[in-house]
Amino acid sequence: MKRKVCVLVTARPSYSRIKTALQAIEQHSDLELQLVVAASALLDRYGTAVHFIEEDGFKVTTRVHMVLEGGNLAAMAKTTGLGMLELATVFYNLKPEVGVTVADRFETIATAVAASYLNIPVAHGQGGQVPGSIDEKVRHAVTKLSDLHFVASQRAAERVVRMGEDPLTVHVTGCPSIDLAARVLCQPALDFDPFVKYGGVGEGLDLSDGYLVVMQHPVTTEYALAREHAVETLHAVRDVGLPTLWFWPNPDAGSDGTSGALRAFREQERPQNFHFFKNVAPADFLRLLYNASCLVGNSSLGIREGSFLGIPVVNIGTRQRGRDRGVNVLDVNYERRNIEGAIARHLGNGRYPQDTLYGDGRAGERIAALLSSAPLSIAKQLTF
């Protein structure tokens, strides 16, 4: 009998963090994939990641609409509760032998709670990291709700064990997003026109002499300042003058402030060096990133994939404050002068050496192998 593995993809970035594991699970003779796509991964406003999932050949078992509008703390909390209700029904109907959830989003903890109360073992990817903000609470809470741990690094593994988890359940697999980055390095050329392929809004830009990629999300614990933070980055990037590919924020509290700043700046300032995108396919995004002069913002991909690809990264603010990082990252506050200065420094530094801090490109196959062979249990207790 094949072991039934239910994997949740709930957001644009979570697909990149599990894609190669999905492929390895599908190809594994002892596993049956149940793919549930939910939350912002279904919404056009956030790039409709489900389209890319299906274009990659995956069959979606179930779709779960669970995101409440509002862009505030109450909406996040209520979305978490709605997710628990909906996912409990999904798990009851699918009856998987293990559920897989990734990282630290509110959808992640909804998955872990629903599965746990249905006596379904939970496998958690990317535990043991220190992201800061509400994400840190959620990530560590999901670790305690989980029965198998697929962590990205040895330091992450040590943190999970110090939280009282059985060392036999903690496995250093690396992050599957690094698998995608490793594949891109085999064919890194920017062999497509992003404006033709993905549309977006803004000027058609000449990328041949360098460009910036910007991805800035609201910080949940600072959500009331999201608009102000975005405005500072907008001015800094415009004044640098390089062509800029700016990607839409995630649906966390404060997202309306961030997206409102982008719209107002676009309409009032009419910048000539900006183009805005909702989403692009994971491999295409990594090619855009690899060929960029610098990544600017507060996304974890700068810390993670950026280190593997050697991309100069200007990390703004507190969102990634505690995360392990490579020498490719310059940390700055939210002031436009400091952001612009850090970009200028990186433009003089050029590309950095590859850092395998978050993996070596084989995470997906390791995760599938563990899902097929690891003992599954819902019984756990502190080890100290």
Side-chain angles (χ1 to χ4, degrees), residues 12 16 46-47 51-52 55 180-181 183-217 230-249 258-259 261-299 301-302 305-306 308-316 328-330 332 336-352 354:
R12 177 179 61 194
S16 296
Y46 302 104
H51 292 338
F52 299 116
E55 287 173 5
L180 295 180
R183 293 177 186 178
V184 164
L185 285 180
C186 297
Q187 193 176 355
L190 195 61
D191 56 359
F192 65 97
D193 184 329
F195 312 113
V196 172
K197 188 170 183 178
Y198 294 104
V201 176
E203 302 294 323
L205 305 174
D206 180 2
L207 306 180
S208 61
D209 291 327
Y211 59 94
L212 304 178
V213 172
V214 182
M215 184 172 282
Q216 183 160 326
H217 303 298
V231 167
E232 290 296 299
T233 305
L234 284 159
H235 281 279
V237 170
R238 182 195 60 185
D239 292 346
V240 168
L242 281 175
T244 298
L245 310 181
W246 195 302
F247 289 85
W248 219 241
T258 302
S259 57
L262 302 186
R263 292 190 181 97
F265 190 85
R266 187 181 70 214
E267 294 168 6
Q268 295 169 12
E269 302 289 334
R270 300 192 179 279
Q272 299 301 301
N273 60 320
F274 281 55
H275 197 96
F276 298 92
F277 295 95
K278 289 181 180 178
N279 199 9
V280 302
D284 284 347
F285 179 80
L286 288 173
R287 287 189 179 90
L288 286 169
L289 182 62
Y290 179 79
N291 288 281
S293 303
C294 184
L295 171 69
V296 181
N298 61 7
S299 172
L301 72 91
E305 291 97 319
F308 187 83
L309 294 172
I311 304 302
V313 174
V314 174
N315 180 63
I316 302 170
N328 66 309
V329 179
L330 287 177
V332 297
R336 66 185 72 176
R337 289 175 298 177
N338 293 329
I339 297 168
E340 186 177 350
I343 295 170
R345 283 180 58 191
H346 261 329
L347 294 178
N349 292 338
R351 192 176 300 278
Y352 288 83
Q354 183 183 86

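FYI, side chains are in, hydrogens and waters are out, and symmetry mates aren't considered; it's all heavy atoms of this structure.
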Parallel, tilted or perpendicular, as decided by the 30° and 60° cut-offs, for the rings of Trp246 and Phe274: parallel
Closest contact, heavy atoms only, Ala342 versus Val332: CB-CG1, 3.5 Å
Residue pair Leu330 / Arg345: nearest heavy atoms and the distance that separates them: CD2-NH2, 3.7 Å
Validation row: Pro312, Asn349 side chains within 4.5 angstrom (heavy atoms): no
Side chain proximity check, Glu203 to Asn273, heavy atoms < 4.5 angstrom: no
Asp191 side chain near Arg287 side chain, heavy-atom distance below 4.5 Å: yes
Leu242 side chain near Leu347 side chain, heavy-atom distance below 4.5 Å: yes
Nearest-0.5 Å distance that lies between atom CZ in Phe276 and atom CH2 in Trp248: 6.5 Å
Glu267 backbone acceptor or donor facing Glu269 side chain under 3.5 Å: no
Exercise: identify the closest heavy-atom pair between Ala283 and Val184: O-CG2, 3.8 Å
Nearest heavy-atom neighbours spanning Val313 and Gly302: CG2-O, 3.5 Å
Spacing of Leu288 atom CG and Phe277 atom CZ [to the nearest 0.5 Å]: 7.0 Å
Atom pair CD1/CG of Ile343 and Asn338 - distance to nearest 0.5 Å: 11.0 Å
Nearest non-hydrogen partners of Pro188 and Leu185, listed with the distance: CD-O, 3.5 Å
Euclidean distance, Met215 CE relative to Ile316 CD1, rounded to 0.5 Å: 13.0 Å
Note, Leu234 side chain near Arg266 side chain (heavy atom, < 4.5 Å): no
Nearest heavy-atom neighbours spanning Cys294 and Val314: SG-CG2, 3.8 Å
Worked check of side chain to side chain contact (heavy atoms under 4.5 Å, CB included) between Leu205 and Phe195: CA-CA 8 Å; Leu205 305 174; Phe195 312 113; 3.8 Å; yes
N/O donor-acceptor pair under 3.5 Å between His235 side chain and Arg337 backbone: no
Side-chain (His217) to main-chain (Ser299) donor-acceptor, under 3.5 angstrom: no
Reported CG-to-OG distance for the pair Leu301 and Ser16, which is rounded to 0.5 angstrom: 8.5 Å
Gly310 backbone acceptor or donor facing Asn328 side chain under 3.5 Å: no
Heavy-atom side-chain contact between Pro249 and Leu262 under 4.5 Å: yes
Asp284, Asp193, Asn279 screened by side-chain hydrogen bond (donor to acceptor under 3.5 Å, both in side chains) with Tyr198, the one that passes: Asp284
Residue that, paired with Gln216, satisfies side-chain hydrogen bond (donor to acceptor under 3.5 Å, both in side chains) out of Asn298, Thr233, Thr258: Thr233
Nearest-0.5 Å distance that lies between atom CD in Glu305 and atom CG in Leu289: 7.5 Å
Plane angle bin for Phe247 and Phe285 - parallel if under 30°, tilted between 30 and 60°, otherwise perpendicular: perpendicular
Sidechain-backbone polar pair: Arg351 side chain, Tyr290 backbone, donor-acceptor under 3.5 Å: yes
Contact check, side chains of Leu286 and Phe308, non-hydrogen atoms, under 4.5 Å: no
